Number of protein chains: 2
Amino acid sequence: MEIDDTDREILRALQEDARTPFSEIARRIEMSSATVHDRVNRMEEEGIIRGYHADVDPKAIGYEISAIVGLRVEQGREDETLEHLKAVDGVQEINLTTGEWDIVMRVFAANTEDLRQLMFEEVSQLDGFSRTQTMVVLGTEYETHELPVPDRNQ
Amino acid sequence: MEIDDTDREILRALQEDARTPFSEIARRIEMSSATVHDRVNRMEEEGIIRGYHADVDPKAIGYEISAIVGLRVEQGREDETLEHLKAVDGVQEINLTTGEWDIVMRVFAANTEDLRQLMFEEVSQLDGFSRTQTMVVLGTEYETHELPVPDRNQ
DNA sequence: GTTGAAAAAATATTGAG
DNA sequence: CTCAATATTTTTTCAAC
């Protein structure tokens, strides 16, 4: 799971546009497209590249609202609780955290009614939370799918 | 910015794998690849498809730690503050929220020292926050880049 | 809005350095 | 690992329905 500068250039290109032709990446980094192809395959196999996804505007597919949800879980019920949460429709991300919450997750819903249903009928009643908090996202001011790829690790 | 069932099928395919050949999508939905091509172009132009991104393992490119940061902003300084935050390296997402925090953001850092530096030298000292909280992400238990595409909006 | 066919371009594969 | 050549497949364009 080691990567070199050539790999880093390839990752930068594919983070920016996952559909960039390998031949164009090859041109940029002055290598053959077969090399790019080999390296991409290797990074896919090693799990460095986990996939390629279209970034779709949530509103266009019917999600008018999203929220960040903090949860405090009763001791000893973490695993059980996580399994339930993963299965809830609209849950996009579940993080285990230090600090005020044990779990912070991001959820999407069609509208406020769906969000209410998601929170109160699917999450809160799961039983196993001592406290929850729903922070409605009024707007995502900034978002990038391109983490800067540093020239070297460390 | 209206989409029909054919568009939805295309979005499902491209959310799952942004590099799926149009010809294969065409086969699946039993239309010509020229049609798929046209529709993708249209959805790109309309902003329904915002881009295509490789999902790269943050650890592979040197990010060993991430955090969710809650911020409370002094009234009247929101715009100024947001501009500063956007420019901070490692900030991946900035959300404006209701509830306990005005802003909730997700940040990535190489290690705890970098996270400390990011928080205390780049964020906290921005001045304009009455309170901040850093919740270190111990693990991302679940994450999807594929929001379910409902058959119909609503 | 869709199609089919042709042209252009890209990708996968192979063999060799 | 990298390259170059080839075979295969895909993307793109366009006239026509």
Side-chain angles (χ1 to χ4, degrees), chain A residues 1-62 145-146 149-154, chain B residues 1-62 145-146 149-154:
Chain A
M1 191 130 154
E2 292 283 294
I3 60 174
D4 62 17
D5 288 340
T6 303
D7 292 331
R8 278 182 261 270
E9 286 292 346
I10 293 169
L11 291 177
R12 285 187 193 108
L14 291 175
Q15 274 198 122
E16 187 183 331
D17 181 1
R19 292 186 74 93
T20 311
F22 293 169
S23 58
E24 194 191 313
I25 299 174
R27 213 174 301 129
R28 281 193 224 166
I29 64 179
E30 293 179 316
M31 293 207 170
S32 74
S33 58
T35 298
V36 175
H37 185 250
D38 279 359
R39 284 168 173 268
V40 169
N41 278 347
R42 198 199 74 238
M43 291 192 283
E44 287 175 356
E45 279 162 20
E46 290 179 351
I48 295 169
I49 297 175
R50 301 191 287 202
Y52 309 92
H53 304 283
D55 174 22
V56 176
D57 181 358
K59 286 192 182 170
I61 52 174
H145 298 278
E146 298 169 56
V149 182
D151 282 342
R152 262 159 244 301
N153 292 352
Q154 274 285 357
Chain B
M1 189 127 158
E2 291 282 293
I3 61 174
D4 63 16
D5 288 340
T6 303
D7 292 331
R8 277 183 261 268
E9 285 293 345
I10 294 169
L11 291 177
R12 286 187 193 107
L14 291 176
Q15 274 198 124
E16 188 183 330
D17 181 1
R19 291 186 76 93
T20 311
F22 293 169
S23 58
E24 194 192 315
I25 300 175
R27 215 172 298 131
R28 281 193 224 166
I29 63 178
E30 294 179 315
M31 293 206 171
S32 74
S33 59
T35 299
V36 174
H37 187 249
D38 277 1
R39 284 168 173 267
V40 169
N41 278 347
R42 198 199 76 238
M43 290 192 284
E44 286 175 356
E45 280 163 19
E46 291 179 350
I48 295 168
I49 297 175
R50 300 191 287 203
Y52 308 92
H53 305 284
D55 174 23
V56 176
D57 181 359
K59 285 191 181 170
I61 52 175
H145 298 277
E146 298 169 55
V149 182
D151 283 340
R152 265 157 243 300
N153 293 351
Q154 275 281 2

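In what follows, chains carry the letters A, B, and so on, assigned in the order in which the sequence lines appear, proteins first and then strands, with residues in each chain numbered from 1. Given the structure is predicted, the values throughout are model-derived calculations rather than measurements.
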(request) Return the residues of residues 35-49 of chain B meeting this criterion: a heavy atom under 4.0 Å from some atom of DNA chain C. Order them by number, or give none. (result) B:T35, B:D38, B:R39
(message) Just so I know, are the side chains of B:F22 and B:R39 near enough to count as touching, which here means a heavy-atom distance under 4.5 Å?
(response) no
(request) Please report, rounded to the nearest Å, how far the C1' atom of C:dT3 is from the CZ atom of B:F22. (result) 17 Å
(request) Please report, rounded to the nearest Å, how far the P atom of C:dG1 is from the CD1 atom of B:I29. (result) 14 Å
(request) Could you state the atom-to-atom distance from CD of A:E9 to P of D:dT2 in whole Å? (result) 14 Å
(request) Could you state the atom-to-atom distance from CZ of A:R28 to P of C:dA10 in whole Å? (result) 12 Å
(request) Report yes if a side-chain nitrogen or oxygen of A:S33 is closer than 4.0 Å to either non-bridging phosphate oxygen (OP1 or OP2) of C:dA10; otherwise report no. (result) no
(request) Would you please test B:D55 and A:Y52 for side-chain contact (heavy atoms from CB on, under 4.5 Å) and show each step? (result) CA-CA 6 Å; B:D55 174 23; A:Y52 309 92; over 6 Å; no
(message) When you compare the side chain of B:D17 with that of B:T20, does any pair of heavy atoms fall below 4.5 Å?
(response) yes
(request) Work out which heavy atom in B:R42 is nearest to a heavy atom in B:E2; give both atom names and the distance. (result) NH2-O, 3.5 Å
(message) Closest approach to the side chain of A:M31, judged atom by atom: which nucleotide of D:dT2, C:dT11, C:dT3 is it?
(response) D:dT2
(message) Less than 4.0 angstrom from a charged side-chain N to a carboxylate O is my criterion; do A:R12 and A:E9 meet it?
(response) yes
(message) I'd like to know whether A:I25 forms a side-chain contact (heavy atoms from CB on, under 4.5 Å) with A:V40, so could you lay out the CA-CA distance, the side-chain angles of the two residues, the decisive distance to 0.1 Å, and finally the verdict.
(response) CA-CA 11 Å; A:I25 299 174; A:V40 169; 5.9 Å; no
(message) Distance check needed: C:dA10 P versus A:E24 CD, whole Å only.
(response) 8 Å
(request) Could you check how far CD1 of A:I25 sits from P of C:dA12, rounded to whole Å? (result) 12 Å
(message) Using whole Å, what does the distance between atom C1' of nucleotide D:dT11 and atom OH of B:Y52 come to?
(response) 13 Å
(message) Please pick, from C:dT11, D:dC3, C:dT3, the nucleotide with the shortest atom-to-atom distance to any side-chain atom of B:R19.
(response) C:dT11
